[in-house]
Amino acid sequence: MSKDQVYSDSMANIADFSFDAQVADVFTDMIERSVPGYRSIITMIETLTEHYAQPGSNLYDLGCSLGGATLSMTRGIAAEGCEIIAIDNSAAMVERCRKAMERCHTCAGVTVREGDIRDLDIQEASVVVLNFTLQFIPPEDRFRLLEKISAGMRPGGVLILSEKVIFEDKHLDELLFDIHHDFKRAHGYSDLEISQKRSALENVLIPETIPTHRNRLLTAGFTSVDVWFQCFNFMSMLAVK
Ligand code: GEK
């Protein structure tokens, strides 16, 4: 696995973060050292897929990056006749994700598409994964996207929504922000790397509170919504149709 050193040298100007080839080349190392609980969520997506995938249905990995969640979904499917659609709008990610799927023995039913998840047609879905992707969608587009996902889901299907979050309680918000900083330092990032990456993400990754996510999912048409995993200021929710 190539080591993430994208922000290790001092930069005069810090451009907005983008999922380009430089990021795609080190993405697995970057996300594992930056997102507390990422590996646990990826592992549990296999178990959740086994539980929720319905025969003859579609499964979607929206913002698939290199296909980490897609691979877990392929391992979890026990139902017959399922298809997986993995989509990302970064050409660099899609190219590498396609290569990973070619090397994988459980991935025959996977189609990898390059495109914007806001334009994707979603139908007959039993499992939809938004694993740290919604936070990169402009806030004004989030409700419409979730409503479209809900409308394209079968009853009893599930959306797995993982996000970085903020907290209404100011003390807790600052505490978990600092602890996340400590997590990154403990995983080998310098203070310079942490602060330069934070500046690059400032206008690109917009986190929201857990109640904001919960209320919007309920309004978008999901019937049962709650957090199933949380580690510091990173969490994952299940939203059942
Ligand atoms: C994982 N789910 O490893 N349309 C399609 N893709 C998009 C869009 C969009 N509008 N906006 C952003 N992306 C993955 C990790 S990373 C999370 C997801 C992170 C894509 C973007 O190109 C990137 O690959 C992904 O969403 C977000 O389980 O880096 O924190």
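Both counts, for ligands and for their atoms, begin at 1 and track the order of listing. Computation of the quantities below employed the complete heavy-atom set of this structure, encompassing side-chain atoms and omitting hydrogens, waters and symmetry-equivalent molecules.
Counting protein heavy atoms only, atom 1 (C) of ligand 1 is closest to Tyr38 OH, 3.4 Å. Ranking protein heavy atoms by distance to atom 22 (O) of ligand 1, first place goes to Asp88 OD1, 2.6 Å. When only non-hydrogen protein atoms are considered, atom 10 (N) of ligand 1 lies nearest to Asp116 OD1, 3.1 Å. In this structure, the protein non-hydrogen atom closest to atom 4 (N) of ligand 1 is Ile117 N, 3.0 Å. The protein atom (non-hydrogen) at minimum distance from atom 19 (C) of ligand 1 is Phe136 CE1, 3.5 Å. For atom 16 (S) of ligand 1, the closest non-hydrogen atom of the protein is Ser65 OG, 3.3 Å. Protein heavy atom closest to atom 28 (O) of ligand 1, with residue, atom name and distance, is Asn131 ND2, 2.9 Å.
Against a heavy-atom cut-off of under 4.0 Å, Thr133 is close to the following atoms of ligand 1: 18 (C), 26 (O). Within ligand 1, counting atoms from 1 as listed, the ones closer than 4.0 Å to a heavy atom of Ser90 are 22 (O).
Between Asp25 atom CG and Lys3 atom NZ the span is 16.0 Å, to the nearest 0.5 Å.
For Thr212 and Thr209, the side-chain atoms include at least one donor-acceptor pair closer than 3.5 Å.
In this structure, Thr70 and Cys64 approach most closely via the heavy-atom pair OG1-CB, 4.0 Å. Shortest non-hydrogen contact noted between Leu134 and Arg216 is CD2-NH2, 3.9 Å. Scanning all heavy atoms of the two residues, the minimum distance from Ala53 to Ala79 falls at O-CB, 3.5 Å.
Side chain of Lys148 to backbone of Leu120: a donor-acceptor contact under 3.5 angstrom is found. A donor-acceptor pair under 3.5 Å links the side-chain atoms of Gln196 to the main chain of Asp9, judged by distance alone.
At a 4.0 Å cut-off, at least one heavy atom of Gly115 sits close enough to ligand 1 to count as contact. Between Ile87 and ligand 1 there is no heavy-atom distance shorter than 4.0 Å. Not a single heavy atom of Lys164 lies less than 4.0 angstrom from ligand 1. A heavy-atom separation below 4.0 Å is not found between Thr28 and ligand 1.
Under 4.0 angstrom from ligand 1, the non-hydrogen atoms of Gln135 all belong to its side chain. Residue Ile42 touches ligand 1 through its side chain alone, judged by heavy-atom distances below 4.0 Å.
Side-chain rings of Phe177 and His181 stay apart, their centers remaining 6.0 Å or farther from each other.
Using a 4.5 Å heavy-atom threshold, the side chains of Val127 and Leu48 count as separate. The closest side-chain heavy-atom distance from Leu62 to Ile87 is below 4.5 Å.
The heavy atom nearest to atom 29 (O) of ligand 1, out of those in Phe19, Phe132, Phe17, is found in Phe19. Nearest residue to atom 8 (C) of ligand 1 from Asn89, Val129, Val94 is Asn89 (criterion: closest heavy atom). With atom 14 (C) of ligand 1 as the reference point, the heavy atom nearest to it among Gly63, Ser18, Ala69 is part of Gly63.
Taking the six-membered ring for Trp and thresholds of 30 and 60 degrees, Phe19 and Phe136 have ring planes more than 60 degrees apart, a perpendicular arrangement.
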